[in-house]
Amino acid sequence: MKLYVSPRAPNPRRVTMFIAEKGITGIEEISVNLSANEHKGAAYLERNPLAGVPALELDDGRVLSESRAICTYLEGLQPEPNLMGSTFEERAFIEMADRRMELSLFGTIANCIRHTHPGLMALEQPQFQDFGHSQGEKMLVVARWLDQHLAGTGYVAGARFTIADITAFCALEFARGLMKFNPGEQGLMHLQAYRDRIAQRPSA
Ligand SMILES: N[C@@H](CCC(=O)N[C@@H](CS)C(=O)NCC(=O)O)C(=O)O
């Protein structure tokens, strides 16, 4: 299998962290140069018509995109350690937590960065600065909720590490790098401690 990634891009990082947590080996990583618009060239568009990374090319030639879908495939391929839930109930609650992280935390961070950071100008045209800043404010509301949530539980989805923690961590790292967002500086000490704890995992 081949995994199309891009250095420093947060969505591919979700999948590579998932792979590292699983201990899966043997997937060839191919770097796609987003700055050079390689993902919009014919060869890549043939694999993923929506031009995003990551994408996983299976041995039979089919291509999976969407980070969560790729993780679902890998979880099926190698069920242990379980990161997406064992029973239907657990899967539902982990999916809820993961989608909250993806849509409300990762999404607002990505929109903020894409619409305000000069380095993303080439990828996000047109940039809407006001929209970007308002997304940054919305991210703070979610971060405050998450901070309180983590005061009472070890991980985003409850008592154990799951895919929802990977999504949250990759979002927080993206924000740390390009929004200079450090939860502790906003008084979000539980979120900061959580981020620092996840950062110690070898997969991070
Ligand atoms: N929903 C997709 C998002 C993929 C995505 O947007 N990836 C970014 C990199 S983190 C990308 O390829 N951006 C290229 C662009 O904006 O042109 C997923 O979950 O994988």
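Counting convention: from 1, in listed order, for ligands and their atoms alike. Numbering of residues begins at 1 and proceeds along the displayed sequence.
- The heavy atom nearest to atom 11 (C) of ligand 1, out of those in Leu123, Val15, Val53, is found in Val53.
- Residue-environment remark: CD (Glu46) stays at or below the threshold of 12 foreign heavy atoms within 6.0 Å.
- Nearest to atom 16 (O) of ligand 1 among the protein's heavy atoms is Arg114 NH2, 2.6 Å.
- Shortest contact from atom 20 (O) of ligand 1 to any protein heavy atom: Ser67 OG, 2.8 Å.
- The 12-atom threshold is exceeded at CZ of Arg68, counting heavy atoms of other residues, nucleotides or ligands nearer than 6.0 Å.
- Distance check, rounded to the nearest 0.5 Å: CG of Asp147 to CG of Leu140 gives 11.5 Å.
- Under a cut-off of 6.0 angstrom, the local environment of OH in Tyr155 is crowded, with over 12 non-hydrogen atoms contributed by other residues, nucleotides or ligands.
- Salt-bridge annotation for Lys22 and Glu80: absent, with no side-chain N of the basic residue lying under 4.0 Å from a carboxylate O of the acidic one.
- Ring-centre distance between Tyr44 and His39: not below the 6.0 Å cut-off.
- Applying the 4.0 Å criterion to heavy atoms of Arg14 picks out, from ligand 1, the atoms 19 (O).
- Contact atoms of ligand 1 toward Ala9: 9 (C), 10 (S) (distance under 4.0 Å to a heavy atom of the residue).
- For the pair Glu29 and Lys2, the salt-bridge criterion is not met [side-chain N within less than 4.0 Å of a carboxylate O].
- In terms of protein heavy-atom proximity, atom 3 (C) of ligand 1 is closest to Asn11 ND2, 3.6 Å.
- Heavy-atom distances between Arg68 and ligand 1 stay at or above 4.0 Å for every pair.
- Using a non-hydrogen distance threshold of 4.0 Å, Glu124 does not register as a contact of ligand 1.
- Listed by number with element, the atoms of ligand 1 under 4.0 angstrom from any heavy atom of Pro10 are 10 (S).
- Near Pro54, meaning under 4.0 Å from any of its heavy atoms, are these atoms of ligand 1: 20 (O).
- Atoms of ligand 1 lying under 4.0 Å from any heavy atom of Gly52, numbered from 1 in the order shown and given with element: 12 (O).
- For Glu90 and Arg160, the salt-bridge test passes: some basic side-chain N is under 4.0 Å from an acidic carboxylate O.
- Nearest protein heavy-atom contact of atom 17 (O) of ligand 1 is His39 NE2, 2.8 Å.
- Between Arg14 and Glu102 there is a salt bridge, since a side-chain N of the basic residue sits under 4.0 Å from a carboxylate O of the acidic one.
- Of the protein's non-hydrogen atoms, Glu66 OE1, 2.6 Å is the one closest to atom 1 (N) of ligand 1.
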